[in-house]
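Whatever order the structure lists them in is the order used to number ligands and atoms, beginning at 1. The figures that follow rest on heavy atoms only: side chains count, while hydrogens, waters and symmetry mates do not.
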Amino acid sequence: MKEISCKLLVIGAGPGGYICAIRAGQLGVDTVIVEAGKPGGTCLNVGCIPSKAIIHAADEFQKVSEMAAGKDPLGISLATPAIDLKKTVAWKDGIVGRLNTGVAGLLKKAKVKSVEGWARFRDGKTVEVETETGIQVIRAETIVIATGSTPVELPFLPFGGNVISSTEALALKDVPGALAVVGGGYIGLELGTAFAKMGAKVTVVEALPRILPLYDTELTRPVAKRLEALGVTVLTGAKAKGLSPKGDALLLDAADGKERKIAADRVLVTVGRKPATSGWGLEEIALDMTGPFIKVDDQCRTSMRGVYAIGDVTGEPMLAHRAMAQGEMVAEIVAGNRRNWDKRAIPAVCFTDPEVVTAGLSPEEARQTGIDIKIGQFPFSANGRAMTLQGEAGFVRVVARADNHLVLGIQAVGSGVSELAAAFSLAIEMGARLEDIAGTIHAHPTQSEGFQEAALKALGHALHI
Ligand code: FAD
Ligand code: NAD
């Protein structure tokens with residue numbers, strides 16, 4: 001049995017863990033990171049990056065399919081296109097592979113020692129790792145738990161065979177003829193849209209009365225409209241019950257209480273993710289929990305001295321950039337710097353068609369604080385750049401305090417609006433007022449002019465509407 005000691009041990013090399021280890025290494029902290037799979041975690045291997053690669057491929061295919069169908073107003077025509085999903089997936093795997101190597105290289109550059117294998121706590125200062133060459137014992141002054149999350153399985157639709165999670169969906173060899181998606185949240189709609197664009201007959205089964213329940217109806221309306229245009233059937237208020245005896249259909253109770261059967265070659269279950277809290281000795285260290293998540297304070301400290309937790313294992317929102325920001329903060333704290341969680345906003349982007357971006361408070365959340373608010377909304381149908389990109393659906397909305405015009409929240413739905421997330425977060429983080437956004441020159445012609453116009457609208461003098 002081999003033993004090593006270090007100042008900082010990070011368990012899990014997802015975006016939370018690898019950023020924490022890189023920053024700690026940069027700050028001169030003697031750091032070890034343990035990963036059972038490949039560097040980059042869920043995000044890089046089976047999450048954010050591969051899903052966006054597949055979504056991009058589907059967008060490209062759908063564009064040329066419309067051209068081939070003679071539906072393209074730009075005057076471009078071509079013969080019937082085909083998609084070879086094996087090649088698409090190989091291209092996606094190439095991107096993932098390059099990024100795996102990149103993360104490993106960055107860890108090395110920061111002088112972080114990487115250990116491959118499954119880690120398990122012996123006690124609050126000692127971890128055992130099952131490596132290919134035997135058990136490695138690691139003693140550390142500080143340990144960061146960054147074990148992430150895994151897909152939620154429904155007991156009546158266990159994963160296996162035709163019932164798949166996002167991980168298998170991102171590695172399919174053929175586009176399914178008929179795809180049933182259980183759960184109309186982030187993953188279900190991002191991937192459901194992509195498969196519909198690639199030619200699958202997609203049905204989304206959502207238990208709640210509407211899709212993307214995290215967002216307000218106004219924001220999700222353009223997404224619902226586009227799903228309809230793509231031929232996706234959305235069944236809301238519907239509860240999946242299981243597979244048909246032959247395994248070729250999904251059984252569900254529809255909103256009207258009637259049982260329905262949806263023919264499906266594959267059933268993609270995307271009903272949320274759960275924190276990865278088992279199999280690594282949580283019981284040995286008995287940390288305080290908040291529901292299923294590890295409880296942390298504003299420095300990501302757990303209830304045990306010297307043990308921190310970051311990322312999906314600590315709760316919502318389960319987003320890669322939140323995990324990274326927590327990882328960076330914890331590295332600074334371990335290096336002796338004074339830091340705590342003081343972020344004003346964690347932006348969220350849903351890569352549907354059109355995309356949805358939110359930062360800060362929604363109008364409803366702002367109202368619930370009891371503050372009087374002003375709202376400015378500007379439609380992309382009045383934005384020149386959006387017209388030239390055939391992306392007139394959607395809008396930008398700014399929510400501000402009525403008294404001093406401090407911006408509380410910004411939302412947008414529209415084609416390509418994910419890239420506006422940076423401007424939205426920056427405005428909120430820097431404490432911008434409506435006048436700051438309205439008074440900033442926004443380059444023409446860009447969709448970002450819609451942001452400036454939304455602020456102007458809230459001030460009562462929009463120029464282009
Ligand atoms: P993870 O990325 O889950 O990494 C945890 C790592 O720890 C894993 O590599 C695991 O192997 C390792 N590990 C666990 N236990 C042990 C152990 N005992 N020993 C050794 N190693 C261990 N988020 C976004 O912000 N934007 C997106 O567009 C987005 N798209 C997504 C699409 C899909 C299909 C999915 C599934 C998720 C998506 N997410 C997205 C969410 C994002 O992937 C997660 O929020 C993020 O990966 C969480 O990072 P993490 O570091 O907490 O954990
Ligand atoms: P989700 O929470 O976004 O959506 C799950 C949906 O399933 C909800 O709408 C819920 O009402 C529904 N649901 C739950 N049980 C159901 C049932 N039995 N039958 C039918 N519907 C049911 O979860 P997800 O889509 O699995 O994604 C998991 C997490 O991954 C997200 O919460 C997010 O944090 C992260 N993610 C982020 C992005 C992004 O940032 N673009 C993309 C993908 C995933």
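- Not a single heavy atom of Val313 sits under 4.0 Å from any atom of ligand 1.
- Not a single heavy atom of Ala348 lies less than 4.0 angstrom from ligand 2.
- Donor-acceptor pairing under 3.5 Å is lacking for the side chains of Glu206 and Thr236.
- Proximity of Lys52 to ligand 1 is established by a heavy-atom distance of less than 4.0 Å.
- Among the atoms of Ala238, none of the N or O lies under 3.5 angstrom from an N or O of ligand 2.
- Under a 4.0 Å criterion applied to the non-hydrogen atoms of Val205, ligand 2 contributes the atoms 20 (C), 21 (N).
- Sorted by first then second residue, the salt bridge (Lys or Arg N to Asp or Glu O under 4.0 Å) pairs that include residues 267-279, not counting sequence neighbours, number zero.
- Note: Tyr186 and Tyr215 have perpendicular aromatic rings, judged against thresholds of 30 and 60 degrees for the angle between ring planes.
- Any N or O atom pair closer than 3.5 Å counts here, and Ala320 shares at least one such pair with ligand 1.
- The option from Pro275, Gly47, Cys48, Pro151 that lies nearest to atom 39 (N) of ligand 1, judged by heavy atoms, is Cys48.
- Between Asp216 and the choices Arg221, Arg397, Arg210, the side chain to side chain donor-acceptor pair (under 3.5 Å) rule is met once, by Arg397.
- Ring centroids of Phe424 and Phe451 are separated by less than 6.0 Å, placing the two rings close together.
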